Amino acid sequence: MKKRSLLILTNLIIVLTLLFSLSSTKVYALYNQSYSAGTTNGINTTKDVTDSKTYYSKAGYVTFSNMDPTRGMLSSYLNSDVLFFPTHGNVSSIAFANSGIKTGASSGNDIGLNTLNFTTTNTILVTYASCNSAGENNANNLNSITHQTVQRGAETAVGWRNAIDSLPATNWAFNYHYKLGFGQSVQNAVDYANSFTYDDARVRQVTIVGNTNTKIGTWHGLKSPEIVEVDDREMIAKYNLNINNRKATDNLNKAVSLIKGVYPNLDLNNYKIMETTGAIVTDLNTGKSEMLYEYIDLQLKIGDFNTLAAYTIAIKDGEIKAIYDNNIDIVKQENALNSKEEFRVNISDDELNQFKQQAKNKIDRQYVFSNNNIRTQNDIKTSYFYNIETGKKYVRVTVPSMAGNGAIAYEYVDYEI
């Protein structure tokens with residue numbers, strides 16, 4: 001009798017332990033999983049996928065990924081809590097080598113959003129890291145795949161209002177996921193990523209649709225303060241400066257004055273001044289959009305070579321909110337500026353055309369063409385880039401590729417000179 005009582009008591013303890021364990025484990029969505037899918041056709045987004053998995057895992061997810069998934073494979077993971085798609089894109093679709101997602105009904109290898117219900121799966125965040133996934137020419141499109149994803153029940157979706165080059169997109173996505181993985185909201189993660197300097201400033205032209213306060217993983221739905229990872233960049237200014245108008249020149253002059261307070265040798269002749277818009281938040285209930293920040297970059301240019309060293313000025317409602325010190329190595333930069341004659345390029349058009357053809361051929365050989373007919377295009381551009389950290393100079397070739405449904409992407413190929 002005692003053995004039976006002991007057995008019943010033991011079983012009761014086990015059951016209560018399991019129930020307590022289940023009740024104390026916060027499950028915020030249906031499957032507690034994330035899914036990232038990238039491509040190696042026309043562009044290579046392997047690093048984007050790897051980085052996203054690292055930080056989704058930190059947020060508590062079981063992570064899954066594919067490169068160029070089949071239609072069936074892609075379909076089987078669309079019930080995930082968090083989805084990330086760095087690949088070819090346009091306003092109405094994204095494309096991998098053998099599958100894709102599009103607005104409306106399914107067709108061919110593409111899965112139609114009309115067949116999906118993200119409310120049922122409790123999907124909280126979908127990021128389309130692809131060209132024009134939220135609009136074109138920096139204008140929102142309410143019929144875009146990003147906007148329609150929220151219409152289909154996702155809590156939040158992120159997309160781009162312009163074409164974006166692959167390497168800046170990879171670097172932007174790393175910064176974005178870094179903040180998401182440590183408990184920051186989608187808006188804070190986007191703002192953080194936008195505060196850095198990129199070779200293609202269009203990568204800042206992001207649209208957030210839905211709940212900007214969404215947090216992923218174990219942070220989802222929490223009201224407690226967020227974990228704020230330390231930003232080790234020097235913040236030259238982080239306060240309102242009460243500029244009374246929205247003229248960029250006034251903001252620029254004020255910012256330059258502040259920067260010279262830290263770096264008195266600043267010479268604007270050594271910088272490209274670039275203005276760009278940043279993230280837009282769209283409320284689908286009202287159709288209204290709000291610009292979060294605008295940016296002015298003072299981006300260091302040495303002779304004919306672009307660099308990623310810069311001062312980034314964040315502006316909202318006509319006021320400077322912050323100036324970010326995105327310098328890389330001041331000593332190396334100053335040494336290079338003192339040797340500008342070494343940074344003049346004398347390359348003929350014939351030589352540049354050879355670089356263009358080599359880059360196109362390299363991508364054609366490297367990537368296997370697909371059921372979605374992804375092909376490199378002929379609108380190839382060149383620029384010159386100086387890597388301050390390594391001291392190396394490059395001809396940078398930008399090669400576009402396009403899928404059969406019109407989804408596009410741009411890949412960098414660098415040639416050291």
Side-chain angles (χ1 to χ4, degrees), residues 39-48 86 88 129 131 162-174 196-204 269-274 276 297-310 312 326-367 369 374-402 408-417:
T39 183
T40 58
N41 276 260
I43 57 173
N44 189 329
T45 60
T46 302
K47 185 178 187 303
D48 308 56
H88 295 75
C131 292
N162 218 325
I164 50 177
D165 293 339
S166 61
L167 182 57
T170 297
N171 295 335
W172 189 98
F174 173 85
F196 288 85
T197 305
Y198 303 95
D199 200 33
D200 178 8
R202 295 175 303 175
V203 77
R204 290 194 182 115
N269 292 319
N270 296 323
Y271 291 85
K272 291 194 307 181
I273 300 173
M274 299 188 301
T276 183
D297 284 308
L298 307 185
Q299 193 159 1
L300 182 65
K301 186 171 184 178
I302 306 172
D304 296 324
F305 289 82
N306 298 321
T307 76
L308 290 182
T312 297
N326 287 323
N327 283 295
I328 296 169
D329 187 318
I330 290 292
V331 174
K332 289 182 178 179
Q333 291 167 205
E334 289 180 348
N335 289 340
L337 286 170
N338 290 330
S339 306
K340 283 186 184 178
E341 66 279 359
E342 298 176 11
F343 290 82
R344 299 297 177 189
V345 177
N346 186 19
I347 297 179
S348 68
D349 289 343
D350 287 342
E351 289 176 291
L352 286 178
N353 287 333
Q354 288 178 14
F355 282 123
K356 289 180 181 181
Q357 191 59 51
Q358 287 176 30
K360 187 175 187 300
N361 292 343
K362 178 181 178 181
I363 292 178
D364 285 345
R365 288 193 305 269
Q366 187 172 348
Y367 302 127
F369 289 134
I374 296 173
R375 297 289 186 272
T376 54
Q377 305 296 297
N378 293 320
D379 184 21
I380 300 172
K381 301 185 185 304
T382 59
S383 59
Y384 301 110
F385 179 74
Y386 176 59
N387 186 317
I388 294 169
E389 291 177 304
T390 64
K392 293 182 177 180
K393 304 168 189 172
Y394 299 92
V395 172
R396 172 159 284 173
V397 184
T398 305
V399 182
S401 57
M402 182 178 291
I408 58 174
Y410 295 85
E411 180 74 315
Y412 283 172
V413 181
D414 287 342
Y415 293 97
E416 187 176 353
I417 56 174

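What's counted below: heavy atoms across the whole structure, side chains too, no hydrogens, waters or symmetry copies. Keep in mind that what you see is a predicted model, and the values were worked out from it rather than measured.
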Within the structure provided, determine whether [X] and [Y] are in side-chain contact (heavy-atom separation under 4.5 Å).
X    : Y    : result
I164 : W172 : no
Q333 : I328 : yes
H88  : I408 : no
D199 : L308 : yes
P400 : I380 : yes
I363 : K360 : no
N326 : F196 : yes

Decide if atom CD of E341 counts as having more than 12 heavy atoms of other residues, nucleotides or ligands within a radius under 6.0 Å. yes
Checking the side chain of [X] only, and the main-chain atoms of [Y] only, is there a donor and an acceptor separated by less than 3.5 Å?
X    : Y    : answer
D304 : V345 : yes
K393 : E342 : yes
T307 : L300 : yes
Q377 : R375 : yes
R396 : Y386 : no
Q357 : N353 : no
S166 : Y410 : yes
N387 : T390 : yes
D200 : D165 : yes
T382 : L352 : no

Suppose we screen for ring-ring contact (aromatic ring centres under 6.0 Å, His included). Which residues come up paired with Y367, at least two apart in sequence or across chains? none
All ring-ring contact (aromatic ring centres under 6.0 Å, His included) counterparts of F385, not counting sequence neighbours: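 Checked F385 against ring-ring contact (aromatic ring centres under 6.0 Å, His included); zero matches.
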Using every non-hydrogen atom in the two residues, find where [X] and [Y] come nearest and quote the distance to one decimal.
X    : Y    : answer
T45  : P86  : OG1-O, 2.9 Å
V203 : A169 : CG2-CA, 3.8 Å
E411 : G42  : CB-O, 3.4 Å

I need the [X] [atom1] to [Y] [atom2] distance, nearest 0.5 Å.
X    : Y    : atom1 : atom2 : result
I374 : I43  : CD1   : CD1   : 8.5 Å
T398 : K356 : OG1   : NZ    : 10.0 Å
K301 : N269 : NZ    : CG    : 13.0 Å
K362 : Y415 : NZ    : OH    : 6.0 Å
M402 : C131 : CE    : SG    : 9.5 Å

N171: what forms a side chain to side chain contact (heavy atoms under 4.5 Å, CB included) with it, not counting sequence neighbours? L167, Y198
Check this for me: does any side-chain nitrogen of one of D297 and K272 sit under 4.0 Å from a carboxylate oxygen of the other? no
From CA spacing to verdict: side chain to side chain contact (heavy atoms under 4.5 Å, CB included), R204, T312: CA-CA 12 Å; R204 290 194 182 115; T312 297; 3.4 Å; yes
Between I417 and Y394, does a side chain to side chain contact (heavy atoms under 4.5 Å, CB included) hold up when you go through it step by step? CA-CA 5 Å; I417 56 174; Y394 299 92; 5.7 Å; no
Donor-acceptor pair between N44 and T46 side chains, under 3.5 angstrom: yes
Verdict with reasoning, I302 to N270, per side chain to side chain contact (heavy atoms under 4.5 Å, CB included): CA-CA 7 Å; I302 306 172; N270 296 323; over 6 Å; no
Candidate pair K392 and D414, rule salt bridge (Lys or Arg N to Asp or Glu O under 4.0 Å), full reasoning: CA-CA 11 Å; K392 293 182 177 180; D414 287 342; over 6 Å; no
